[in-house]
Every structure is written in structure tokens, then in C-alpha cells.
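Have a look at the structure below, then the notes.
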Amino acid sequence: MDTIFALATAHGKAGVAVIRVSGPLAFGAGERLAGILPEPRKAGLRLLRDGQGVRLDEALILTFADKSSFTGEQVVEFQLHGSVAVVASVLRELSNMDGLRQAEPGEFTRRALENGRLDLAQVEGLADLIEAETEAQRRQALRVLSGDLGNRAEEWRRDLIRAASLLEATIDFADEDIPVDVSPEVNELLDLVIATLSDEIAGVSAAERVRTGFEVAIVGAPNVGKSTLLNALAGRDAAITSEYAGTTRDVIEVRMDLGGLPVTLLDTAGLRDTQDKVEEIGIARARERAAMADLRVFLIEGEQEPDFEPLPEDIILKAKADLLQDKSGAVSGASGEGVSNLVNRITECLSQRTANIGIATRERHRASMRIAVQALQEAKNLVAMGEDMSDIAAEEMRTAIRALDALTGRIDVENLLDEIFSSFCLGK
């Protein structure tokens, strides 16, 4: 296997830059640059020199032995001064060494997967952690990275193997004089796994929203104050505001952190009948995006009614609170009245949706678990038909086990790997 290297920290000037080398020639490469290496997992300060003995930098070096590193291979990490020139000189020296090459995106993590240091769900958790922007995303990613989903999948797998083995034992001893009815224990195991899988499936949507972000659409007639409210919530002029109806033609998006949750606010075109073809397109997009949003904030004036039927959790507020005598249930982006209360209501609503969040976070997790549940429900039906169907019931359980094995990459998932690792940077 090749020995790979890459800059593991961000490109550009910094206080410290880290270059990682992994593979069978890692220690040899480290010795060529730094001489005698420190003991594994102990830091050492060394002078780095090129092949002609010219000083490159003074660096802190860490080494990790085979099977005791992130990748499961020999690893050397150079903590350099974060100069662009220093980093370039060390990378150039490594590239000139026989047997070493630049790592591909995500290749260090891919080797960790291949060497059994991480399972596939943990790899996804690591990708999510790198991308995390909010506290909720960080916590969720760490749960997956810590192996919670893999541990749960292993529990399901163990219970299903037990259930299948009980059925197969009745097949093997079908000719014996002492028949044993194993269906009560088998059904108990199947019910337990189906119930916990169903709970996880129900929580995927919320977990996926935490990972990708919720969408909240601000909806209302032209000149009702939607763009002004968006700017107040964002704390900057994200949308153009004017007294002219139809100023907002397209959906404007602003990413925010509300109570640790990632939220994208949508400022939509004012809803009205119009002869302007461009504005008409904007209104159609506004309706479409608002319908797809996780939550809608309707702004109304006077005796207006929402332009389309709100859902139970949607928020309806009177617009332009600064111009009203009765400010209850009203909001104004211009004066800030009611804005804090609106933020609290949005945060509370979205937080409630994450109350039953599970440890499965992606659509592929949900798909695998659904296949498993369908197979297990069929297995229960077959068990109820009697011992003659035991072999088919056991096969349905094995189908469920294979579906759950896909969660952690225990079975072949090569078609998924390129897509997963494409989001990683070179040094990860």
C-alpha cells in the first residue's frame, strides 16, 4: 500500500500547520526529514532538513504505531510554523521521496474504514462534524462518530441472529422426539427489534433536518414588511427593501443559528395577482418554497387572511407593529418590536421537532432500516404459520441482518464510498 501525505490543516498563513503522513514508509520519511523520531504518542521537537541538509523548519513531531493510529497504519504528524513557504517546502520534500504520494480527498479516513478503525456510520459522523456550524449539529455528529449507531446495529444483529438460530435449531431437530416451541422467544426478539427500528426511522427526518438545516419561510402580501423583518432577524441588510410593491422577485435565503439549530430564513416574493411575468415567476417560486418549508411565518395587515391555509404549527403575526396601537401578536422589523418573541417561538417550535431525534441521520439509514422492518414483519407472519415455514422465516431474518449490516459497511457498499468521501478535504 502506498504511503500518503497531505496538509491536514487549512491552506494559507496560520500560527501552526500540520502535515500528516500515513503508510508503511511513514516512519522512514519522518527519519529522513527529522533524524531520530520521538517514541510513539510522545511529542518531540526536531529540526527538519531536506536531502542536502538545508534547514526547512523546527517542528513538533508526533508518531503513531501501526494499529494505534487514526488510519490504523504508521503515522507521522509534523506540526510546523504556519508559513505558506514552510508548508510548501516540506510537502515538496515529501513528494520527492520514493513510495510517497499526495493523499486524495478523504483518503486518510477511507483507510481508517478499511482498517477497521471506523465503521461507515462513523465516517459519515466525522464528515458531519467537519461541516457542523451549530451546537446541535456538533452534538449529533459526535454521537454518530462515537459509534452509537454502530453499537445499536450490533445489538439488533445479535438479537436477530439469536432468533434465526432458534428457528434453524427446530429445523435441524425436526425428527427428534422432543419438539420445542421457540416461537414465543422468537416473537419477543422480533417485536423488540421492530419497535426500536421503528423509533429510529421516525427520528430520521428530524435528525436529517439538524444535519442539513430547517427552512422557515416568511410569507405575506407585497409591502407587508417581509424583507424588513428578514433583515432584522439576520442583523444585516440581506434583502432590498422599498416602498414599491414587487421589489422582492426571487427567494432570498439567510442562514442563521437559532438555539443551536441551523435555520435558513426565506424571504419570499409578495403574494398577489400581477401582470408582470418576472414577478409572476417569483410568486410561483414563493408559493412552492413556502409549501416545502418546515415552518411558515405569515405577516398580515388589517383584516387580511393568509394567502393559503396555514398548518397547525405555522405562526401568524400582524405586520408593522410600530404603526399599531394594539401590539399583541404583532411584529415589526423596522422597530424591532416582537422580533425577540418571534425568534423564541421559531426556536421552540423547531426544538420540539427534535425532541425524539434518533441516532440515525441519513436517508440511506432510513432506507436500510425500512427494509429490515419489512423483512422482520414478514418473518413474524411466517412464524405464525407454524414450523413448516421456519426456514423461510429465518431467511427473512437474514435479509434484515444484511440490511442492517449496510448501516456500518459490514457488507459491500463500494457504490456509496466515492460519494461519501467526496466531501472530505485532502488532509482528512
Legend entry - Shortest non-hydrogen contact from Asp66 toward Gly72: OD1-O, 2.9 Å
Inset, instruction - Could you please spell out the steps behind the side chain to side chain contact (heavy atoms under 4.5 Å, CB included) verdict for Leu60 and Val16? - result: CA-CA 10 Å; Leu60 195 66; Val16 176; over 6 Å; no
Inset, instruction - Enter the distance from Thr228:OG1 to Asp322:CG here, rounded to the nearest 0.5 Å. - result: 9.5 Å
Legend entry - Row check, Phe5 ring normal vs Arg20 NZ/CZ: under 6.0 Å, within 45°: no
Legend entry - Whether Asp314 side chain and Arg296 backbone form a donor-acceptor pair below 3.5 Å: yes
Legend entry - Nearest non-hydrogen partners of Ile316 and Pro310, listed with the distance: CD1-CG, 3.7 Å
Legend entry - Partner set under side chain to side chain contact (heavy atoms under 4.5 Å, CB included) for Ala85, not counting sequence neighbours: Ser83
Inset, instruction - Determine, for Arg110 against Glu107, whether the closest basic-nitrogen to carboxylate-oxygen distance falls under 4.0 angstrom. - result: no
Inset, instruction - Taking the side chain as every heavy atom from C-beta outward, state whether Leu299 and Val219 have any atom pair closer than 4.5 Å. - result: no
Inset, instruction - Over all heavy atoms of both residues, which pair between Ala403 and Ile371 is shortest? Give the atoms and the distance, please. - result: CB-CG2, 3.8 Å
Inset, instruction - Apply salt bridge (charged side-chain N to carboxylate O under 4.0 Å, His left out) to Arg353 and list each qualifying residue two or more places apart in sequence or on a separate chain. - result: Glu313
Inset, instruction - Specify the closest pair of heavy atoms between Ala394 and Leu167, including all atoms of both residues, with the distance to one decimal. - result: N-CD1, 4.0 Å
Inset, instruction - State the OG1-CG distance between Thr71 and Leu118, to the nearest 0.5 angstrom. - result: 10.0 Å
Inset, instruction - Tell me, please, which residues at least two apart from Ser146 pass side chain to side chain donor-acceptor pair (under 3.5 Å). - result: Asp148
Inset, instruction - Using a strict 4.0 Å threshold on nitrogen-to-oxygen distance, state whether Glu185 and Arg162 make a salt bridge. - result: yes
Legend entry - Test side chain to side chain contact (heavy atoms under 4.5 Å, CB included) applied to Val193 and Leu160, step by step: CA-CA 8 Å; Val193 175; Leu160 294 181; 4.0 Å; yes
Legend entry - With sequence neighbours excluded, residues passing side chain to side chain donor-acceptor pair (under 3.5 Å) with Gln374: none
Legend entry - Residue list, side chain to side chain contact (heavy atoms under 4.5 Å, CB included) with Ser368, at least two apart or on another chain: Ala406, Leu407
Inset, instruction - Compare all side-chain heavy atoms of Val343 with those of Leu233 and state whether any distance is below 4.5 angstrom. - result: yes
Inset, instruction - Indicate whether any N or O donor in one side chain lies under 3.5 Å from an N or O acceptor in the other, for Thr264 and Glu215. - result: no
Legend entry - Set of residues satisfying side chain to side chain contact (heavy atoms under 4.5 Å, CB included) with respect to Leu324, sequence neighbours excluded: Lys318, Ala330
Inset, instruction - Working to the nearest 0.5 Å, report the span between CD1 of Ile61 and CD1 of Ile19. - result: 11.0 Å
Legend entry - Minimal non-hydrogen separation, Thr134 against Gly260, with atom names: OG1-O, 2.6 Å
Legend entry - Salt bridge flag under 4.0 Å for residues Glu200 and Arg370: no
Legend entry - Salt bridge flag under 4.0 Å for residues Glu348 and Arg345: no
Inset, instruction - With sequence neighbours excluded, tell me which residues meet side chain to side chain contact (heavy atoms under 4.5 Å, CB included) with Ala379. - result: Leu190, Glu396, Met397
Inset, instruction - Would you give the length of the straight line joining atom CD1 of Ile359 to atom CG of Leu149, rounded to the nearest 0.5 angstrom? - result: 5.0 Å
Inset, instruction - Please name all residues satisfying salt bridge (charged side-chain N to carboxylate O under 4.0 Å, His left out) with Glu39, sequence neighbours left out, ordered by chain then number. - result: Lys42
Legend entry - Check against side chain to side chain contact (heavy atoms under 4.5 Å, CB included), Val21 and Val75: CA-CA 6 Å; Val21 185; Val75 170; over 6 Å; no
Inset, instruction - Answer whether the closest heavy-atom distance between the side chains of Ile346 and Leu295 falls below 4.5 Å. - result: yes
Inset, instruction - State whether a side-chain donor-acceptor pair under 3.5 Å links Glu124 with His365. - result: yes
Legend entry - Results of salt bridge (charged side-chain N to carboxylate O under 4.0 Å, His left out) for Glu301 - residues two or more places apart only: Lys320
Legend entry - Worked verdict on Glu104 versus Arg111 for salt bridge (charged side-chain N to carboxylate O under 4.0 Å, His left out): CA-CA 11 Å; Glu104 298 174 359; Arg111 291 192 176 192; over 6 Å; no
Inset, instruction - Evaluate side-chain hydrogen bond (donor to acceptor under 3.5 Å, both in side chains) for Ser205 paired with Arg366, printing each intermediate quantity in order. - result: CA-CA 9 Å; Ser205 293; Arg366 176 162 43 197; 2.8 Å; yes
Inset, instruction - Output the distance between atom CD (Gln140) and atom CZ (Arg209), rounded to the nearest 0.5 Å. - result: 12.5 Å
Inset, instruction - Check side chain to side chain donor-acceptor pair (under 3.5 Å) between Glu155 and all other residues, then give those that pass, not counting sequence neighbours. - result: none
Legend entry - Contact check, side chains of Leu80 and Val18, non-hydrogen atoms, under 4.5 Å: no
Legend entry - CZ on Phe108 to CZ on Phe70, rounded to 0.5 Å: 9.5 Å
Inset, instruction - Write down the atom of Gln122, the atom of Leu145, and the distance for their closest heavy-atom approach. - result: NE2-O, 2.9 Å
Inset, instruction - With the side chain counted from C-beta on, respond yes when Gln137 and Asp128 share a heavy-atom pair under 4.5 Å apart, and no when they do not. - result: no
Legend entry - Residue pair Ile4, Arg101: steps toward the side chain to side chain contact (heavy atoms under 4.5 Å, CB included) verdict: CA-CA 5 Å; Ile4 57 175; Arg101 64 168 174 83; 3.7 Å; yes
Legend entry - Exercise: do Thr361 and Arg143 side chains pair donor with acceptor under 3.5 Å: no
Inset, instruction - Salt-bridge test for Glu188 and Lys380: reply yes if a basic N is under 4.0 Å from a carboxylate O, no otherwise. - result: no
Legend entry - Donor + acceptor pair across side chains of Arg92, Ser89 (<3.5 Å): no
Legend entry - Note, Pro38 side chain near Arg46 side chain (heavy atom, < 4.5 Å): yes
Legend entry - Partners passing salt bridge (charged side-chain N to carboxylate O under 4.0 Å, His left out) against Glu154 (at least two apart in sequence or in another chain): Arg410
Legend entry - Validation row: Val383, Met389 side chains within 4.5 angstrom (heavy atoms): no
Legend entry - Derivation of the side-chain hydrogen bond (donor to acceptor under 3.5 Å, both in side chains) call for Glu337 and Ser332: CA-CA 5 Å; Glu337 294 172 84; Ser332 170; 5.1 Å; no
Legend entry - Close side-chain approach of Asn115 to Lys67, heavy-atom, < 4.5 Å: no
Legend entry - ring pair (Phe, Tyr, Trp, His ring centres under 6.0 Å) against Phe78, all qualifying residues, sequence neighbours excluded: none
